Amino acid sequence: MSAPVRWPPADDGDHHRRRGARRAPAGHARPGSRGTLRWLGPMGPALLLLLLFVAGPIIWCFYSAFTNTALTGVGAQNVKFVGLANFQRMFADPQLTSAVILTLVFVIGSAIVGQNLIGLLISVLMQGRGRVIRSVVGTVVLAAWVLPEIVAAFIWYAFLNQQGTLNNILHWFGLASQNWLYTTPMLAVILANVWRGTAFSMLVYSAALGEVPPDIQESAQVDGAGVFQRFWYITLPLIRRQIMTNLMLITLQTLGVFTLIFAMTAGGPGTKSQTLALLMYQQAFKFSDLAYGMAIAFVLLAVGGIFSAIYMRVLKPEI
C-alpha cells in the first residue's frame with residue numbers, strides 16, 4: 001500500500017518564494033522603497049524650500065544666539081562663541097520681564113478675548129439674518145482685515161493722537177481730550193489689532209456654526225431649552241474643535257505683530273507698549289546686537305510653544 005500523497009507539498013511555499021527571488025531582477029526596488037520614492041518625487045522641491053527658507057534661518061538664529069554676532073564693531077568682524085552669556089544677560093535684564101508681561105497682555109486682550117469673542121458674537125448674531133445684512137456686515141468687517149497692517153496702524157494713529165478724530169468728537173461734546181497713544185498705549189494697540197483681526201475669527205465661526213445640525217437645535221427648543229441654554233450646552237460643545245483651532249492660529253499670529261505697534265507707539269512711551277517682538281527688533285537692529293536679539297527671539301518662540309501646548313492639550317480628547 002503506497003503512502004498518501006500530501007497536497008500541497010510541504011515545501012511548496014518555500015519553493016515558490018525561492019523561484020520568485022530568483023526571478024526578481026537585480027537592483028529592483030521593493031514596494032516600500034517604491035512608495036517612498038513616489039512620495040519624495042513631488043514633495044522633494046517643497047521639502048528643499050522648507051529646509052532652505054524655514055529650517056535654515058532657525059538653525060542660523062539658534063547658533064547666533066550663542067555667539068557675539070553684531071551688525072557693527074567686534075561682533076561683525078570676529079564672531080566668537082560665547083556660550084550662555086546672551087541668555088544670562090537677558091534674564092538679568094528688567095526689560096525682558098516687562099516685555100513678556102506686555103506680550104501676554106497684548107495676546108490675551110487682542111486675540112483670546114477681543115478677536116475670538118467678538119468674532120464669535122458677530123457670527124452668532126448673523127445666523128438666520130437676511131443676505132443683505134450678512135453681506136453688509138461681512139464687507140465692513142473684512143475691509144479692515146484686507147488692509148495692509150501699516151495702513152491700519154496709521155488709521156488708528158490718526159484716530160487716537162492728540163489732534164485726532166476721537167479728541168475732536170470729545171471736544172464737540174464738551175469733554176476733555178487727551179493723547180490716548182501716550183496715556184493708554186497698550187489699550188490703543190489692542191483695540192487696533194482687534195479691529196483689524198476680528199474678520200478671521202468671524203469667518204471661522206461662521207463656517208463652524210453652519211455645520212451645526214439644525215434638528216438638534218429644534219429638538220432642544222421643543223424640550224424647553226432657551227436661546228442661551230442651546231448655545232451653551234449644544235452649540236459651543238459642537239464647535240469646540242474650531243474654537244481651539246482658531247485660538248491657536250490667532251494667538252500665534254498676534255505674538256508676531258510688529259508693524260502695528262511700531263507704527264502707532266514704537267513701543268513707547270518709554271517701554272509701556274514694548275512687546276517681545278519690538279524688544280527683539282530694538283536690540284538686534286537699533287543697537288546692532290544681533291546675538292542678543294536672537295536670544296530674545298527664542299523667548300518669543302517659547303511663549304508661542306507654551307500657548308500651542310495648552311491648546312493641543314485641550315484638543316487632545318478630540319484628536
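These figures come from a predicted structure and were not determined experimentally. No hydrogens, no waters, no symmetry mates; every other heavy atom, side chains included, goes into these values.
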**Prompt:** V257 versus E149: any side-chain heavy-atom pair under 4.5 Å?
**Reply:** yes

**Item:** Side-chain touch I169/T165, heavy atoms, less than 4.5 angstrom
**Value:** yes

Exercise answer: donor-acceptor pairs, residues 283-295 side-chain atoms, under 3.5 Å, sequence neighbours excluded:
residue : atom : partner : partner atom : Å
D289    : OD1  : Y292    : N            : 3.3
D289    : OD2  : R89     : NH1          : 2.6
Y292    : OH   : D93     : OD2          : 3.0

**Message:** My understanding is that only residues two or more places apart in sequence, or in another chain, count here; which of them pass side-chain contact (heavy atoms from CB on, under 4.5 Å) with L50?
**Reply:** V54

**Message:** For the CZ atom of F262 and the OH atom of Y281, what is their distance to the nearest 0.5 Å?
**Reply:** 4.5 Å

**Asked** Is any side-chain heavy atom of N167 closer than 4.5 Å to a side-chain heavy atom of L170?
**Response** yes

**Selection residues 182-211 - residue pairs positive for salt bridge (charged side-chain N to carboxylate O under 4.0 Å, His left out), sequence neighbours left out** = none

**Request:** Go through the side-chain N and O atoms of N246 and N116 and say whether any donor and acceptor fall under 3.5 Å apart.
**Result:** yes

**Heavy atoms from other residues, nucleotides or ligands near CZ of F298 exceed 12 (cutoff 6.0 Å)** = yes

**Prompt:** Are S177 and Q162 side-chain neighbours, meaning at least one heavy-atom pair lies under 4.5 Å?
**Reply:** yes

**Asked** Under a 4.5 Å cut-off applied to non-hydrogen side-chain atoms, are L120 and S201 in contact?
**Response** no

**Hphob cluster co-occupancy, F91 + L300, side-chain heavy atoms under 4.5 angstrom** = yes

**Request:** Evaluate whether atom CZ of F258 has more than 12 neighbouring non-hydrogen atoms of other residues, nucleotides or ligands under 6.0 angstrom away.
**Result:** yes

**Request:** Not counting sequence neighbours, which residues clear side-chain contact (heavy atoms from CB on, under 4.5 Å) with A188? List them please.
**Result:** L160, L181, M264

**Message:** Quick one, W195 and L147 - any side-chain contact, counting heavy atoms below 4.5 Å?
**Reply:** yes

**Request:** Could I get the full list of side-chain contact (heavy atoms from CB on, under 4.5 Å) partners for Q88, not counting sequence neighbours?
**Result:** L84

**Prompt:** Does one side chain, of Q178 or T183, offer a donor that lies under 3.5 Å from an acceptor on the other?
**Reply:** yes

**Fill in**
CZ (F231) and CG (L209) are apart, to the nearest 0.5 Å, by 7.5 Å

**Asked** Is the gap between the ring centers of W156 and F159 under 6.0 Å?
**Response** yes

**Message:** Is it the case that over 12 heavy atoms from other parts of the model lie below 6.0 angstrom from the CZ atom of F154?
**Reply:** no

**Asked** So, F87 versus F66, ring centres under 6.0 angstrom or not?
**Response** yes

**side-chain contact (heavy atoms from CB on, under 4.5 Å) against I310, all qualifying residues, sequence neighbours excluded** = I306

**Within-4.5 Å side-chain heavy-atom neighbours: T251 and Y311** = yes

